[in-house]
Amino acid sequence: MIGRGRVALLTALLIAGLTAPALAQKPVKIGVLTPLSPPGDAAAGQFIARGAKMGAEDVNARGGVLGGRKIELVIEDDAGTPEKGAAGFRKLASQDQAVAVVGQFHSSVMTAVQALAEQFKVPVFSTQASARQVTEKHLEYTFRTHVIDPDRCQMWTRWVKERGFKRAALITENTDYGVGLVDETKKAFASLYPGAELKTIIFDRQVVDLTPQLLEIKNWKPDILLNGGIGTPMYLIMKQAYDVGLHPTVPMLISYDAPTRPEYWKTLGEKGTWASFIVYYHPTMKLTTRGEAFRKKYMAEFKEDPVYGALNAYAQVLLLADALNAAKSDNSEQLVKALLANKFEGWNGTISFTRGEGPYWQQWTPPMLVTQYTKPEMAFSEVKIVYPSELKTGEWMAAPKR
Amino acid sequence: MDAFLFSQYLLSGVVIGVIYSLMALGITFIYSVMKMINWGMGEFYMIGSYAQYALIVSFFGPRRWYLALPVAMAGVFVLGVVIQRFLLRPMFVGAIERRDEYATIITIALMVLFRNLAIVLGGPNQYAPADYARPTTIGTLPISGNRFVALIATLVLLGLFYFVIKKTWVGRALRGAAQNRVGIQTAGIDPSASAWRWRPRPARCWRRTSWSTPRTARSRPSRGSRSSSSAGSARCSAASWAACCSA
């Protein structure tokens, strides 16, 4: 007769034998929390999700992470609102047990979820949220591989100065991003371009008629209009500025890379011509091996050039896979240590995270360029880089009079 | 603020106010006749916009936008009829005990359904048809061709609505339904079912010689909502008129 001790030992061995392979095959979950419905910039979220999926596919095709575990993406819609973002992050961290979350686009949502990231000890990555305070808080579980607004505003101030525009008007929304743009642009104008005049208008994000604000700007007679809308508000500013006769008579600079998306011309038609806009990726850029492989695969699959959001989300998933392998664990503290201790191949260079001063905390910044559409239905691959001077591929052009 | 800018503000406010008034009219029309709030009202407008865009892009082309407008409106009207018939009508035939709660649940559910369907079917990208007309000016206000067309169309629709409500038998019936649903039954109108029609019945019923001539005195007495609900198919109750027209 077998003793009780032996029975217990055999049972333990049996359980261990049965569960060990299962544990070895348990996928590593990465959350993608991004806007996929209004009022968020749903098109941006769609591209981010697309890039993240391609990243996970590539990692899994190469054998996964941590000795054969597959990457499983869990995609959640934050709708561009802090409350939905917080709910989505809680689900990803607690129910799905995601080891990290990527895909953050709206600064207001990022600001809300980074507090939860500290609470749940789950690293969160800003894919396109650029507000200064995101990394200025010096939080342990917050990382960003995107530009920050002080840099953006300094760059457009230098561009405004180079073009000789003396009166600049900035119209933007009442979000963390928009309010941040106003503050940073005021600082940048005061320090870099003291003689110039700056008019700022902040509107409610839900407003669909911006005619009064644009009429006020038109009557102020600016030399340049800075469009700080995100998603629908960006298009509304563009359309309504054209309708009231402000654009393209007065040049417009759009604060981010939305015009690179295929929907731009479908939404604006000829009204989109002569817009200048900031981009972080240009088809003529030299990319890393990873970036180039992604671009080829993306073009083969979607028959269009990739947009920056997809590239950045792809790179974030791949660098997380590298960090998991370096940490040899999916433990969040080990993962953070690996993220800080290693260098990773990004889409256009090497990504490393250091704990610098102010907003340069666990931050990696891609390049920023000013480009311009000069004809209707112009392909993004044809646009010229007009700023900064050292990377310029063409001259900025004023629109002919209407 | 100078006088020029003030005049622009004023005109801009009037233009957008007129356009919004049409939407407000739909909400109040439904509420006054049906005594329910349609929480999905915005989504009906959204469906109309999608339908109009799809028709312009894939069927009529940008030059014949004026054909897409009535077709899109008719499409949403049909959708309103279907929703009224199958989802809202039970409220008015005694099938629902808590009507207010039922209406709230149904219309909020429709709102969520339509909103998500739009994202699933239309995708997250933004689309807009080309402008219907060139930008123009009203006094001191520069205005887009689209908004100008919307303004004129709104004024026409408001005028038509006023005429129907004030001058026609149908309008009087609707106003009666809004004021006293029980009272109008004494005049032969059953607001909850199909006792009054948008097409005159030929035999043995009351006759009307003209749509614009009120003949409530000659109207057929109400037979009660339950018994009359089995009458012909080409009928529309006061409630369904409100739902369909506003949709």
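To find a chain, count down the sequence lines: A is the first, B the second, and so on, and within it residues start at 1. Everything numeric in this text was worked out from a predicted model, so none of it was measured.
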Please state whether the side chain, the backbone, both or neither of [X] comes within less than 4.5 Å of a heavy atom of chain A.
| X | answer |
| --- | --- |
| B:Asn116 | neither |
| B:Tyr20 | side chain |
| B:Arg147 | side chain |
| B:Ile143 | backbone |

Ring center gap for [X] and [Y] short of 6.0 angstrom:
| X | Y | result |
| --- | --- | --- |
| A:Tyr373 | A:Tyr264 | yes |
| B:Phe114 | B:Phe44 | yes |
| B:Phe161 | B:Phe29 | yes |

Practice task
Measure distances from A:Glu270 to the heavy atoms of chain B and classify the residue's part below 4.5 Å as side chain, backbone, both or neither.
Solution key: neither
Fill in the blank from the handout: Applying a strict 4.5 Å limit to non-hydrogen atoms, the region of A:Leu268 in contact with chain B is neither
Problem - A:Arg50 to A:Phe302 six-membered ring, cation-pi geometry met (6.0 Å, 45°) - result: yes
Problem - Modelled atom types, side-chain donor and acceptor of A:Gln128 and A:Tyr280, under 3.5 Å - result: no
